[in-house]
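Sequence lines set the chain letters: A, B, ... in the order given, protein chains first and strands last, and positions in each chain run from 1.
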Amino acid sequence: MSDAGYDHATVERRWQAAWDDADVYRTPDDVDEPTYVLGMYPYPSGKLHMGHVRNYTITDAYARYRRMRGDDVLHPMGWDAFGLPAENAAKDRDTNPRDWTFDCIETMRDQMDAMGFGYDWEREVTTCTPEYYRWNQWLFSRFHDEGLVERRDADVNWCPECETVLADEQVEGEAELCWRCDTPVEQRELEQWFLKITEYADELLEAIDDLEGWPNSVRQMQRNWIGRQYGTELEFAVEGHGSVRAFTTRVDTIFGATFFALAPDHPISEKLAEEDDEIRRFVEHEADPDGDEPNGVATGLTATNPVTGDEIPVYVADFVLSDVGTGALMAVPGHDERDHAFATKHDLDIVPVIAPEPGDWDGETIPDAPDVSEEAFTDDGVLVNSEEYSGLDSETARERLTEDVESAEHAAQYQLRDWGISRQRYWGTPIPVVHCDDCGPVVVPEEELPVELPAFINTTGNPLDAAEEWKRTSCPECGATATRETDTMDTFVDSSWYFLRYVSPALEEAPFDVDRANDWMPVDQYVGGIEHAVMHLLYSRFFTKVLADHEGLEHREPFTNLLAQGMVQLEGEKMSKSKGNVVSPQRIVEEYGADTARLFMMQAAQPERDFDWSEEGVRSTYAFLGRLKELVDDFVRDEPAGENDAVAAYVDAEIDATIDIATAEYDDLTFNTALRETQDLVRTLRQYADYAEPHAETFERGLWAVVRLLSPVAPHVAEELADALGYDGFVVDADWPEAKIDRDAVEKRRKLVENTREDVRQIVDVAGIDDPQDIDVVVAPEWKYDALEIAIESDADNLIGELMQESHIREQGDAAASYGQDLQAEREALSMTLGPGEEHAALESAAWLIEREFDAPVSVVRADEVDESVLKNAEPGRPAIEIED
RNA sequence: GCGAGGGUAGCCAAGCGGCCAACGGCGGCGGACUCAAGAUCCGCUCUCGUAGGAGUUCGUGGGUUCGAUUCCCUCCCCUCGCACCA
């Protein structure tokens, strides 16, 4: 047999053209509840990489599978087409972002076609077109109407390289580097537009529990990101400045509060800085919120502890962050590590007020106070030194104190911040706002949308700032001369709702057709990289909820099932341009074809796992397809005329087994297992053809099953083979094969055959039989199956007694007693086997495998055809074996 | 530090209460085919064993159970995310 392969280029082009002519991937608007399969749309960088190929092969294979199962399928593709790289590329190449982007899209669409991805291109969405981004602007204005847009001064993350602000999510790691260019991020204060995602913090958090189709890791990352914490907010009176609210999760430690601390940019700190040089010096120069050391300066003021009435010193400290809690906190050095460090440094009191709960605590005795002079005790415990609260456990004390203190109330604190969407860049959606001297910022009215981007100006700053003519406009409210907002939107706005646009991509009246979206959404299966675990997936959930509340969408979550696909690596390392270890999909497609690339990837590992690209693996996959084609061609050229005998029955059963298992695996998206089974079936078919003249009908059924089981992953070659087998029409539209038996029977039959073959091998080996002459396989007598069934169902203490009540078992005498004892011994572990007739048939049809292996005739016989002495080894699920040498 | 997910035979990797000495792949060994090689096919690959047997294994140490790779606890190690968060 050769490993020559086949003419993949011709085959793939032929079927791509045929699909195209027949428009097979089109999803008409009038289908009912299609299965919505979606891969995260790519940024059009100009080149498909292996990550894309893997991502989109997964969705394509699943979409094809669902289609063959009879579903209508929505499987669209589009372009996340705004973004900074286009601007940089335009500058480098002396062109403009628009032309560059469309060139890239063109190339990538061709590459996707060459991969055989079956998209409904009539639903293509491109975010950089005014037809798309006008709806970003429209949504901005709707969000604004609903009070979900805010403009405020903010300290923002500024990337000096990209010359734009970044969302918190776009700043990476401790070193605070820009996610795009790895430049250290700086802080700037700018007027920014925010979407108030925090309004939805509770729902975004709580609904995560119901996202059962999502990986736990992603769910947990979102929970952490939202970071809700319950605690208590209460007031400390600061002399001369009135009441100051502080948030704490540990109000139970309030008797140990020995100082009070304010953030450097707290209003009181700023006021104090105006009056006091030392405080000003600290606020303006010394404060280092990023440093490890807690620094601070005494204000000379005191604050009144609302519970004890004690006056405690007030500090301005850089470890207090203005955007956490209220920007002011009560510090308890005895029970908080950071407060402890600060107190030690400034020689402040450290008072223990919580003791570890004694192991044998009775619930009331007040334990001894722990020593906290060296180290804070941060766990919950029992209150001490806390007047009437001493002796309470932390939990109860928190409740009680929050109730008792007049200014105290339960409060929640979130880590999630509002989403700053302003970007000082050109290639994005213009924020539809006009600044008027009299009216302030005014949102552009709906009928004037879209605010289109002006022509690109190659400049160092924001090109929109340089577009003088474009900037000059009139105020929509008072008509006075006004200027346009020059910031554009974060591109995550685009991707927060694109999955809705696919439903009605050309609609001119609204971003999406609400009725159809209600029918078609949510996305049934979403697939993409883990890097979007927080940002894109959280923003999309937020948008979906807002649209549900205000635009009539009947779904509150966009994605039912989420698959975070693993990386394609090379020798255990992530492929990257800088490392120079990139395998180009283009080259693989040219050399081996798209089917090989797809098949190799899908069989290499489960979709969510990382796996290593292997040139050798690719070659062997290619060889597999070539040999399969040869097998089909041989069959068609010279149709065999074998009998429908026991061997054919074996092959037939294997076909069913393969279909049954592969189907279940396709449902789970574990393509690797489905494909392994399918390849095993090909091997079985080849063995069959080698061993005997195959029964044509059975053989063809097997080939046709293989072709269809393979077709979601290797669609071109599947069409080619189906064509060779004389199938009229496209495999894409063919019915998924059906198995005639159930999984349980499949597994029992396979196990029986496998165990029997193994036993024969062992006997031959251990007994040192060189050349077996004759092999008998003896199925157990029927009464043993009955006894087994009784043993499984019975819960009587004395199993033997129970068995002996059956006359046909009792008649077996010693044999019955002996088998009964075996059953009794393994009683808890027994399970039902196939029946005697089924076992006989299964072994009969598998006998050829043993004959072939040992080159000796095999007879499968029933119990009543042999001597009793032989029968003692025969049990249900385990025939007796007699070998003559 | 907090949270999540992991640690399985030479390697990768399934299993997640009994059919588990543990699917599958790679590597290695033997055989068939071949002039030969490659490809393909058939076995073997923890230890011992002349009729299908026995023994010791699934990070560590305990526990629950008639029975644990599978459940619970301790500890060690790895990966990922978050982190001066009050």
- Residue mapping more 5' on RNA chain B - nearest nucleotide basis, A829(A) or R609(A):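 The answer here is R609(A).
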- Which comes earlier along RNA chain B counting from the 5' end, the contact point of R250(A) or that of E616(A), where each point is its nearest nucleotide?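 Of the two residues, E616(A) wins.
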Indicate, with a heavy-atom threshold strictly under 4.0 Å, whether [X] touches base, sugar-phosphate, or nothing.
X: D288(A); result: base
X: R757(A); result: sugar-phosphate
X: V332(A); result: nothing
X: A341(A); result: nothing
X: E828(A); result: base
X: D339(A); result: nothing
X: R219(A); result: nothing
X: L830(A); result: nothing
X: E337(A); result: nothing
X: P879(A); result: base

- Could you walk me through whether R541(A) and I208(A) pass side chain to side chain contact (heavy atoms under 4.5 Å, CB included), step by step? CA-CA 10 Å; R541(A) 295 181 61 221; I208(A) 292 172; 3.5 Å; yes
For [X] and [N], what is the distance between atoms [atom1] and [atom2] respectively, to the nearest whole Å?
X: F611(A); N: rC26(B); atom1: CZ; atom2: C1'; result: 15 Å
X: M567(A); N: rC80(B); atom1: CE; atom2: P; result: 9 Å
X: I763(A); N: rG49(B); atom1: CD1; atom2: P; result: 19 Å
X: F671(A); N: rG25(B); atom1: CZ; atom2: P; result: 21 Å
X: Y622(A); N: rA39(B); atom1: OH; atom2: C1'; result: 15 Å
X: I530(A); N: rU79(B); atom1: CD1; atom2: C1'; result: 12 Å
X: Q679(A); N: rC41(B); atom1: CD; atom2: P; result: 10 Å

Hey, are [X] and [Y] close enough for a salt bridge, meaning a charged N less than 4.0 Å from a carboxylate O?
X: R250(A); Y: D336(A); result: no
X: E206(A); Y: R228(A); result: yes
X: E677(A); Y: R750(A); result: yes
X: D744(A); Y: K748(A); result: yes

Consider the side chain of [X], meaning its heavy atoms from C-beta on, and name the nucleotide among [options] that approaches it most closely.
X: Q229(A); options: rA14(B), rC85(B), rG18(B); answer: rC85(B)
X: R627(A); options: rG53(B), rC23(B), rU40(B); answer: rU40(B)
X: E853(A); options: rU50(B), rC82(B), rC42(B); answer: rC42(B)
X: V766(A); options: rC19(B), rC42(B), rG49(B); answer: rG49(B)
X: M221(A); options: rG81(B), rA14(B), rG52(B); answer: rG81(B)
X: Q220(A); options: rA13(B), rG3(B), rA39(B); answer: rG3(B)
X: R852(A); options: rG49(B), rA86(B), rC42(B); answer: rC42(B)
X: L321(A); options: rA86(B), rG53(B), rC82(B); answer: rA86(B)
X: V320(A); options: rC41(B), rA86(B), rG52(B); answer: rA86(B)
X: F319(A); options: rA51(B), rC84(B), rG52(B); answer: rC84(B)

[N] versus [M] - spacing of their [atom1] atoms, nearest Å:
N: rG18(B); M: rU69(B); atom1: C1'; answer: 13 Å
N: rG63(B); M: rA68(B); atom1: C1'; answer: 12 Å
N: rC84(B); M: rU74(B); atom1: P; answer: 28 Å
N: rG27(B); M: rC12(B); atom1: C1'; answer: 11 Å
N: rC23(B); M: rU8(B); atom1: P; answer: 15 Å
N: rC85(B); M: rC2(B); atom1: C1'; answer: 11 Å
N: rC72(B); M: rG81(B); atom1: P; answer: 27 Å
N: rC20(B); M: rU45(B); atom1: P; answer: 15 Å

- Query: Are the aromatic ring centres of F342(A) and F259(A) under 6.0 angstrom apart?
  - Reply: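 Here the rings of F259(A) and F342(A) have centres that are less than 6.0 Å from each other.
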At under 4.0 Å, does any side-chain N or O of [X] touch on OP1 or OP2 of [N]?
X: R223(A); N: rG3(B); value: no
X: Q415(A); N: rA83(B); value: no
X: R683(A); N: rU40(B); value: no
X: K751(A); N: rC20(B); value: yes
X: R750(A); N: rC23(B); value: no
X: R761(A); N: rG43(B); value: yes

Would you mind pulling out the nucleotide paired to [N], Watson-Crick or G-U wobble, both distances under 3.5 Å?
N: rC82(B); result: rG1(B)
N: rC44(B); result: rG28(B)
N: rG18(B); result: rC66(B)

Is the [atom1] atom of [X] crowded by more than 12 outside heavy atoms at less than 6.0 Å?
X: D209(A); atom1: CG; answer: yes
X: Q824(A); atom1: CD; answer: yes
X: E337(A); atom1: CD; answer: no

- Does NZ or CZ of K784(A) fall inside the cone over Y819(A)'s six-membered ring, less than 6.0 Å from its centre and within 45° of the axis?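 The answer is yes, since K784(A) meets both limits relative to Y819(A).
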- Message: Ignoring hydrogens and geometry beyond distance, is the side chain of R686(A) in donor-acceptor contact with the base of rC41(B) at under 3.5 Å?
- Response: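 Side chain to base: no pair present.
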- Query: Can you find a donor-acceptor N/O pair under 3.5 angstrom joining the side chain of N672(A) to the base of rG24(B)?
  - Reply: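 Answer is no: no donor-acceptor pair is held.
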